Amino acid sequence: MRFLVISCSYNPASRSRALAEITFKHLQQREPTSEFINLPDLNLPLCDGGAAYGAPGVREIGQKIEQARGIIIAAPIYNFDLNAAAKNLLEMTGRAWTDKIVGFICAAGGHGSYMSVMPFANSLMLDFRCVIIPRFLYAPPAEPTDELYGDTALNQRADTLAQELVRVTDALHPAA
């Protein structure tokens, strides 16, 4: 498995999860061994700085992150930050992120919240030397026919994000 798409939303009707699934389909067309992870299915404990690191779900996702070369994180934006589940994932899996190519999918209630990804991205870049794809898939509330954020536009952006993940990963980490 070269690529992961991780949906961090706990809302079954989440827009970020729907976009993650769409992006995953585009990614699978390019890389059939890609994997989709719905974070709530792993039942991760909250990071406690100790015993939680040994939980089975933590070990499982940590290994998958470590084995992947590129990862897309899909998360809702709450209070101008990625949701707590995404932050907990990073805290629980830490060094597994080292040298990964990372892209983001975000859904939020406002048009300016796309910048909310930056603290998470900065942590990945500074702590784990990740390369962040500078093209996020961002979705504020919109009508399905909206030219910028409607279904067609978001589907095209999902395809572009999948394409960029493969392109950047291949450029920076060619297959051995």
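Because the structure is a prediction, the values reported are computed rather than measured.
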Undergrad: Please check if the number of heavy atoms outside F80 that lie under 6.0 Å from its CZ is greater than 12.
TA: no
Undergrad: State, yes or no, whether a side-chain contact exists between L154 and R15 at a heavy-atom distance under 4.5 Å.
TA: yes
Undergrad: Report yes or no: do M118 and L82 belong to one cluster of Ile/Leu/Val/Met/Phe/Trp/Tyr joined by side chain heavy-atom distances under 4.5 Å?
TA: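 Hydrophobic grouping puts M118 with L82.
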Undergrad: Would you say the side-chain atoms of S9 and S7 include a donor-acceptor pair closer than 3.5 Å?
TA: no
Undergrad: Examine distances only and state if a side-chain atom of N83 and a backbone atom of I77 form a donor-acceptor pair shorter than 3.5 Å.
TA: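 Side chain of N83 to backbone of I77, a donor-acceptor pair under 3.5 Å: no, none is there.
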Undergrad: Got a sec, which residues hit ring-ring contact (aromatic ring centres under 6.0 Å, His included) with F128, two or more places apart in sequence or on another chain?
TA: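 Per chain and number, F128 pairs via ring-ring contact (aromatic ring centres under 6.0 Å, His included) with no residue.
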Undergrad: Is L89 reachable from Y10 through a run of I, L, V, M, F, W or Y residues, each pair having side-chain heavy atoms under 4.5 Å apart?
TA: no
Undergrad: Would you compute the distance between atom CD1 of I72 and atom CD of E164 and round it to the nearest 0.5 angstrom?
TA: 10.5 Å
Undergrad: With distance as the sole test, does R157 use its side chain to make a donor-acceptor pair with the main-chain N or O of L148 at under 3.5 Å?
TA: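 It does hold such a pair.
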Undergrad: Taking the side chain as everything from C-beta on, heavy atoms only, tell me whether I6 gets closer than 4.5 Å to I61.
TA: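 With C-beta onward as the side chain, the pair touches.
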Undergrad: Going by heavy atoms in the side chains, are L137 and F104 under 4.5 Å from each other?
TA: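 Contact flag for L137/F104 side chains = no.
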Undergrad: Are more than 12 heavy atoms from other residues, nucleotides or ligands located less than 6.0 Å from atom CG of N79?
TA: no
Undergrad: What is the minimum heavy-atom distance between V117 and C106, and which atoms define it?
TA: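 Smallest interatomic distance, heavy atoms only, reads CG2-SG, 3.1 Å.
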Undergrad: Can you tell me how far the CG atom of L39 sits from the CG atom of L44, to the nearest 0.5 Å?
TA: 5.0 Å
Undergrad: Report yes or no: does K100 contribute a side-chain atom to a donor-acceptor pair with the main-chain N or O of E66 at less than 3.5 Å?
TA: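 Side chain of K100 to backbone of E66: a pair is present.
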Undergrad: For a quick test of reading the model, state the closest non-hydrogen atom pair linking L90 to S123 and the distance between them.
TA: CD2-OG, 3.7 Å
Undergrad: Within the 4.5 Å heavy-atom criterion, are L4 and K64 side-chain neighbours or not?
TA: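 L4 reaches K64 side chain to side chain.
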Undergrad: Nearest 0.5 Å, please: how far is SG in C130 from CD1 in I71?
TA: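 Answer for the CD1-SG pair, I71 versus C130, is 7.0 Å.
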Undergrad: How close do A86 and A75 get, heavy atom to heavy atom, and via which atoms?
TA: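 Closest approach of A86 to A75: CB-CB, 4.3 Å.
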Undergrad: Measuring from E35:CD to R2:CZ, what's the distance to the nearest 0.5 Å?
TA: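 Here the interatomic distance stands at 15.0 Å.
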Undergrad: Out of curiosity, E60 CD to I65 CD1, how far, rounded to the nearest 0.5 Å?
TA: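 Rounded to the nearest 0.5 Å, the CD-CD1 separation comes out at 10.5 Å.
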Undergrad: Using 0.5 Å steps for rounding, measure from the CD1 atom of I105 to the CZ atom of F24.
TA: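 Output value for this atom pair is 11.5 Å.
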Undergrad: Between K25 and I22, is there a side-chain heavy-atom distance shorter than 4.5 Å?
TA: no
Undergrad: What pair of heavy atoms forms the shortest contact from T93 to V58, and how long is it?
TA: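 T93 and V58 have their closest heavy atoms at CG2-O, 4.4 Å.
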Undergrad: Just so I know, are the side chains of S113 and Y138 near enough to count as touching, which here means a heavy-atom distance under 4.5 Å?
TA: yes
Undergrad: Count the heavy atoms of every other residue, nucleotide or ligand shown that sit under 6.0 Å from CZ of R30, and state whether that count exceeds 12.
TA: yes
Undergrad: Do the side chains of V102 and F120 get nearer than 4.5 Å, heavy atoms only?
TA: no
Undergrad: Looking only at non-hydrogen atoms, find the nearest pair between L27 and S34 and report the distance.
TA: CG-OG, 3.5 Å
Undergrad: Given side-chain contact (heavy atoms from CB on, under 4.5 Å), test H26 with T23 step by step and report yes or no.
TA: CA-CA 5 Å; H26 287 290; T23 305; 5.5 Å; no
Undergrad: Please check: side-chain N/O of N88 versus main-chain N/O of P45, any donor-acceptor pairing under 3.5 Å?
TA: yes
Undergrad: List the steps and the verdict of side-chain contact (heavy atoms from CB on, under 4.5 Å) for I37 and V5.
TA: CA-CA 6 Å; I37 295 174; V5 175; over 6 Å; no
Undergrad: Assess, by modelled atom type and distance only, whether the side chains of R17 and N11 contain a donor and an acceptor separated by less than 3.5 Å.
TA: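 Note: R17 and N11 side chains miss the donor-acceptor criterion.
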Undergrad: So which heavy atom on C8 is nearest to which on I73, and how close?
TA: SG-CG2, 4.1 Å
Undergrad: Tell me, do F3 and V166 make a side-chain contact under 4.5 Å, heavy atoms counted?
TA: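 With C-beta onward as the side chain, the pair touches.
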